[in-house]
2 protein chains.
Amino acid sequence: MVIDPPGLAEETASRLRSDIIGGRLPPGHRLSETRLAADLGVSRNTLREVFRLLTREGLLKHTPNRGVFVAVPSMATIVDIYRVRRLIEVPALAHAWPRHEAVALMRVAVEKARAAREAQDWRSVGSANMEFHAAIVALTDSVRLQVFFAQIIAELRLAFGLLDSPERLHEPYIDRNAEVLDLLASGDQAGAAAMMTRYLDESERVVLAAFARLG
Amino acid sequence: MVIDPPGLAEETASRLRSDIIGGRLPPGHRLSETRLAADLGVSRNTLREVFRLLTREGLLKHTPNRGVFVAVPSMATIVDIYRVRRLIEVPALAHAWPRHEAVALMRVAVEKARAAREAQDWRSVGSANMEFHAAIVALTDSVRLQVFFAQIIAELRLAFGLLDSPERLHEPYIDRNAEVLDLLASGDQAGAAAMMTRYLDESERVVLAAFARLG
DNA sequence: GTAATTTGATTGTTGAACAATGCGAACTGT
DNA sequence: ACAGTTCGCATTGTTCAACAATCAAATTAC
């Protein structure tokens, strides 16, 4: 049977979350309370609590009296997310202490990405890339910002799921991540921040272009 | 465009939220599911959905098998919140377009604060002050940042509820808000951002000192 | 072919039920 | 008295069943 400890709702939320960002539940898909509750082996009430959680995270969209759907990222979503990223990641780098412990996390993420590239595992490259940016936010030492950013990343991965060719989407940034890391580690926070700005601008362009090709 | 009926859970959440930040439910207070559900006139299941919402917002703390409590802000909470504010508000001002429509909102907030000061209504002064800072974040045009910041503000007001002498806490900042607004409106974004940095540093010191006096 | 109506399915909300858990009071042995 | 243990009780965790409210589609009427 199901393991209960950290609350059944939280557990179920994690399961649903990974089903969504893993693409097993495609954007726009409608989630029937009765059926999904049966599939997940929880009651309808518990599932409704889960829905409230994930709706607040932006992964689900709740339409009153219609049901909940997997959120469909739009261009506006992408623009908004990159706005947030610029406004958080760039200052985070600009004010970072070059010996902050999170720098080690950034380095780990870079290595992971390179290993995954070696193995041609583009999905893992994407994960490692996101890990790198999460580490940048960790430079701020703010738990609230980190939680918020994790949410943003989940939404972004949901959007990436709509796009094909994950190689073109992530490969070019592996080495740029490494450069940002080197600049920061060598004490050039301003340089790292400036590079990140260009990085995000270009990444946004690429993603938006890929989106337009779907329209 | 017809607005959606807010749903009983959302509505109840709003009610509880204002009861919390309004101080009618003091930090640390335990919320019995059965009793509160009866008081609010909703079922226990609906109330549990509300709890998930407000727990995610940081206003409630959920301890498994013990119940939910009104969150008790600590010094760490204050430090974290001000970290977030510095990292978001300062760049928001630095990159703002001086004719952005949110500037009008900032002006409205300043007027409101002055009117409330005239009436010696310090609670309203606090509200107007928060409105001013929310308007600053609105300069970014990011809905996600605005939602996140609204959460942060709710947490901060919860913390302020623990402190006495709301006059000393808010009065000194009314005119500084006006100065920040003038600098921004006159095109000196850098000056506005710099002033906001000092503003936040001092405010944080005052709040932390008031907290220490409680310990 | 379009408008109105009925029908069917799903969500919104409630109340009751029962197991699991934790707190505090009663009980024990010294 | 007193420390430690046991037990009862209230509360949370979770499920289930029921019913009203609402929407989408099928059907009927014009």
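Letters go in sequence order (proteins before strands), and every chain restarts at 1.
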| request: Output every pair passing salt bridge (charged side-chain N to carboxylate O under 4.0 Å, His left out) with a member in residues 87-107 of chain A, not counting sequence neighbours, ordered by first then second residue. | output: A:Arg85-A:Glu89
| Taking only residues two or more places apart in sequence or in another chain, which ones pass side chain to side chain contact (heavy atoms under 4.5 Å, CB included) with A:Val68? | A:Leu31, A:Phe51, A:His62
| task | For each nucleotide in nucleotides 11-18 of chain C, reading 5' to 3', give B when a protein heavy atom comes within less than 4.0 Å of its base, S when such contact involves only the sugar-phosphate, and - otherwise. | result | BBBBB-B-
| query | Can you tell me how far P of D:dG13 sits from CD of A:Glu11, to the nearest Å? | reply | 15 Å
| remark: Across all chains, not counting sequence neighbours, the side chain to side chain contact (heavy atoms under 4.5 Å, CB included) partners of A:Ala94 are A:Ala193
| request: Applying side chain to side chain contact (heavy atoms under 4.5 Å, CB included), name anything that partners B:Ser14, two or more places apart in sequence or on another chain. | output: B:Arg17
Using atom types as modelled, flag every donor-acceptor pair under 3.5 Å from a side chain in residues 36-44 of chain B to any protein atom, sequence neighbours excluded.
unit_1  : atom_1 : unit_2  : atom_2 : d
B:Ser43 : OG     : B:Asn45 : N      : 3.3
B:Ser43 : OG     : B:Thr46 : N      : 3.2
B:Ser43 : OG     : B:Thr46 : OG1    : 3.3
B:Arg44 : NH1    : B:Glu33 : OE1    : 2.6

